[in-house]
Amino acid sequence: MKTQAKHHILLLALALCMSCNPSQERQEPPGQPKGSLMIIGGGSRPVELVQRMIAEAGLLQDGYAVILPMSSAEPDSAIIWSGEQFLAQGVTALAGFNILPGVPATQGQLDSIAGAALIYISGGNQNRFMDIVRDTPIVDAILEAYQKGGMIAGTSAGAAVMSGKMITGDERRYPEYQSTFRTIEADNIVMGEGLGLLTTAIIDQHFVYRSRHNRLLSAVIEYPDMFGIGIDESTAILVKGDSAEVIGASQVLVFKNPDHSVSVQNHKLGAHNLSLDIYLPGETFPVR
């Protein structure tokens, strides 16, 4: 199956690049994006979730998907693993572009990304992905696809990059990496710049399974204009317009700090009247 997946992906990637016109100039369409976001909290992806992603992107009717694996430490394998789930559902129009650090994307790759019905960003390390794409035309191409009606999907690290303010996973006070924060402290959480597809919220992933409440609470206290969305494993939110629908097997937690409350004592963060909502599959909530 892996050989078949790689064969399909590489063939289509070559065909897409050859069909692009390098002289074409792209301009980001103005106004409210016509596309959608499928933000997956990591872990395994239930078949029903993958099917919904394919249906919402319209991949069984026309169009193609582009896999961006640069978050992964094994990007070529990430293309194959991600592609297998699409192939199993009858989607063969797939392209995988592993764009290397410091190597500009080709015009063919950029045009293919901008024209995709679905852009899928793999898991791994969100900092690795953003270090490659930040301040490059790749981001412009992703935004153009979203503006024109494409779906931008991502799992784990690929979910974290959706935010404007992105959780990096790093702590200033405790530089040795832990999968969850052990404290709620001021000036500890390290935020980076994400793709900015969802500008009102900060995304966290693997949320319930890895008990990442302290991390997201720190974020909404120190960045009170944003609300925090914690997505558990095998679960996603489908963002369309101003609302998000929970899809998958588990929960989504939403933290808000409506009073912009914050106090600090001996580096410990305090806040009052924070709100928490826990959403189950099938439920919706506002995101803008």
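All residue numbers refer to positions in the sequence shown, counting from 1. Just so we're clear, the structure is a prediction, and the values are computed from it rather than from any experiment. Heavy atoms only: backbone and side chains are in, while hydrogens, waters and symmetry mates are out.
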Checklist entry - Is there a donor-acceptor pair under 3.5 Å between the side chain of Asp259 and the backbone N or O of Ser261? => result no
**Message:** If we count only N and O atoms by modelled type, under 3.5 Å, do the side chains of Ser44 and Ser234 hold a donor and an acceptor together?
**Reply:** yes
- Where the side chain of Arg210 meets the backbone of Thr180, is there a donor-acceptor pair that is under 3.5 Å apart? no
**Q.** Any donor-acceptor pair under 3.5 Å from Thr235 side chain to Gly41 backbone
**A.** no
Those residues at least two apart in sequence (or on a different chain) that pass salt bridge (charged side-chain N to carboxylate O under 4.0 Å, His left out) with Lys240 are Glu56
Kindly say whether Ser71 contributes a backbone atom to a donor-acceptor pair with the side chain of Arg128 at under 3.5 angstrom?
yes
Looking at His213 versus Phe181, is the centre-to-centre ring distance below 6.0 Å? no
The reported gap from CZ in Phe207 to OG in Ser250 (rounded to nearest 0.5 angstrom) is 11.5 Å
Would you indicate whether the side-chain heavy atoms of Thr92 and Leu87 approach each other to under 4.5 Å? yes
Heavy atoms of Ala105 and Leu110 approach each other most closely as CB-CD2, 3.8 Å
Which side-chain N or O atoms in residues 278-288 pair as donor and acceptor under 3.5 Å with protein atoms at least two apart or in another chain?
| unit_1 | atom_1 | unit_2 | atom_2 | d |
| --- | --- | --- | --- | --- |
| Glu283 | OE1 | Leu280 | N | 2.8 |
| Arg288 | NE | Gly241 | O | 2.7 |
| Arg288 | NH2 | Tyr146 | OH | 3.2 |

The side-chain contact (heavy atoms from CB on, under 4.5 Å) partner of Asn188 among Thr183, Leu269, Asn214 is Thr183
Residue set satisfying salt bridge (charged side-chain N to carboxylate O under 4.0 Å, His left out) with Lys256, at least two apart, ordered chain then number -> none
| Less than 4.0 Å between a side-chain N and a carboxylate O, is that true for Lys165 and Glu222? | no
Honestly curious: do Ile152 and Met130 fall in one hydrophobic cluster under the side-chain, below-4.5 Å linking rule?
yes
*Considering residues, nucleotides and ligands other than Arg173, do more than 12 of their heavy atoms fall under 6.0 Å from its CZ?*
yes
**OP:** Using distance alone, with no hydrogens and no angle criterion, decide if Gln89 and Gln51 have a side-chain donor and acceptor under 3.5 Å apart.
**Re:** yes
message = For the NE2 atom on His272, are there more than 12 heavy atoms of other groups (residues, nucleotides or ligands in this structure) within a distance under 6.0 Å?
response = no
